[in-house]
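See structure below.
Keep in mind the model is a prediction, meaning the values are calculated, not measured. Ligands are counted one by one from 1 in listed order, and the atoms in each one are counted from 1 as well.
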Amino acid sequence: MKKAKRISDVPPYLFAKENALRDELVSRGVDVIDMTVGDPDIPTPAHIVQRLVRAATKPENHRYPPYEGTKTFRSAVSSYYRRRFGVELDPLKEVMTLIGSKEGIAHLIWALVDDGDIALVPDPAYPVYLTQVKMAGGIPYPMPLVSNRGFKPAFDDIPSDVAKRSTLMMLNYPNNPTGAVVDLGFFEEASAFAREYEIVILHDGAYLDITYDDYAAPSLLQVSGARDLLVETYSLSKPFNMTGWRIGAIVGSSEVIYNALSIIKTNLDSGQWNAIQEAGEEALESSPEEVIRANCEVYKYRRDTVVRALRRAGLEADAPKGTFYLWVPVPKGKDSAGFAEELLEKCGVLVTPGRAYGEHGEGYVRFSLTAPTERVEEAAKRISAERWGGR
Ligand SMILES: *Cc1c(COP(=O)(O)O)cnc(C)c1O
């Protein structure tokens, strides 16, 4: 078999060693607590499941869905944006249904990045941005996210010849993996930069509704002025515990969504099942705030439990204002893969080495808080029994 270059170029999985160690520990009967994946353990709320069950029985839902999504789901997204962010969106021109936001992010990259174009990609980041830019033949230009800048890119550091060759900038706040958050001023700054060089900004809003401590995350579309270069993906996966359902939306620039992304999508997929879009309407319309608040309370308890344990063990740990991840600096003299292995060996706790998210992820490990609460408590107990950094 001859494989296409576009897939041979995808970086290999760097952590085979850690996985082998996990398998060995499990086979020896060690109780391993997996805190790697960001996939809510809490079930989808019953009213959303019930709505799917009802929608599944309707024969009109057994046929192909509209490519761009149902009018009712797009209207539900538009109303949600008005209530949640004060943003007005034309449901038929500025909203499109996605088969999960990962699908939309990947395909928007295909729609905007040509061979040799530059895409500005945060480092560390959700790996899809980098791999899709490479698959599309584009050149990723890393925007380092470092702690002393609050894990925000410095637009001034991007050389103007790079900016001129860039067609797309990726942003993601609340941020996976760092847990960093931003205010609207940051989006204003990003949008001014994008306008100067005519770069589309895709803001990945997967965690817009996973926030704590009275912080509410802004939408990129709240920036003043034209939104012709601005789009944002919203996902129901994380706020409504619906990762398996594959439902989200892209909102913003009509030109980007309906004159670029839709050309890829109409030729490639046939939309998301109407019944799942109905369930998505239910999520956005039936007391979404209550569902979100209840989930965030659970994550907040887990967050505080693990942060306390890490500090007791002599590690540095900040409680993030958004996402369900902890981005923890590794003790001096260790690298992220080595520290992840040590956590696994000493505590039976599996985390992701920061290096998996990019070069600037080195020096950190990521804990996900989507394991069941009693498992998170057990992990905290084991961690706080250890001593790192000689405190
Ligand atoms: C989980 C996640 C997604 C994917 O969400 P889906 O809508 O389920 O595809 C996108 N971006 C980030 C940063 C994520 O963590």
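Scanning all protein heavy atoms for the shortest distance to atom 12 (C) of ligand 1 gives D204 OD2, 3.3 Å. Nearest protein heavy-atom contact of atom 8 (O) of ligand 1 is S237 OG, 2.6 Å. Nearest to atom 1 (C) of ligand 1 among the protein's heavy atoms is K238 NZ, 1.4 Å.
Annotation: K102 places an N or O atom under 3.5 Å from an N or O atom of ligand 1; distance criterion only. Ligand 1 has no N or O atom lying under 3.5 Å from any N or O atom of Y126, backbone or side chain. Of the polar atoms of Y207, at least one N or O is found under 3.5 Å from an N or O of ligand 1, judged by distance alone.
Taking the charged nitrogens against the carboxylate oxygens, E378 and R382 do have a contact shorter than 4.0 Å, which makes a salt bridge.
Of all atoms in ligand 1, listed by their number and element, those nearer than 4.0 Å to a heavy atom of G100 are 7 (O), 9 (O). Residue-ligand proximity, S235 to ligand 1, at heavy-atom distances under 4.0 Å covers atoms 5 (O), 6 (P), 7 (O).
Applying the side chain to side chain donor-acceptor pair (under 3.5 Å) rule to pairs touching residues 145-162 yields nothing, sequence neighbours excluded.
Cation-pi contact between R303 and Y212: present, with separation from the ring centre below 6.0 Å and deviation from the ring axis of at most 45°.
Between Y173 and Y207, the gap from one ring centroid to the other reaches at least 6.0 Å.
Formation of a donor-acceptor pair under 3.5 Å by the R387 side chain with backbone atoms of R312 is found in this model.
The distance from the CE atom of M169 to the OH atom of Y141 is 11.5 Å, given to the nearest 0.5 Å.
Considering all non-hydrogen atoms of both residues, R195 and A226 come closest at NH1-O, 3.8 Å.
Residue T243 places no heavy atom under 4.0 Å from ligand 1. Look at R246 and you'll find a heavy atom under 4.0 Å from some atom of ligand 1.
In the hydrophobic clustering, where aliphatic and aromatic side chains (Ile, Leu, Val, Met, Phe, Trp, Tyr) are joined below 4.5 Å either directly or transitively, V113 groups with M96, L98, I105, L108, I109, L112, V121, Y126, V128, Y129, V133, L168, M170, V200, L202, L229, V231, I250, V256, I257, Y258, L261.
Contacts between S101 and ligand 1, counted as non-hydrogen atom pairs separated by less than 4.0 Å, involve both the backbone and the side chain. With a 4.0 Å heavy-atom cut-off, ligand 1 is reached by no atom of T233.
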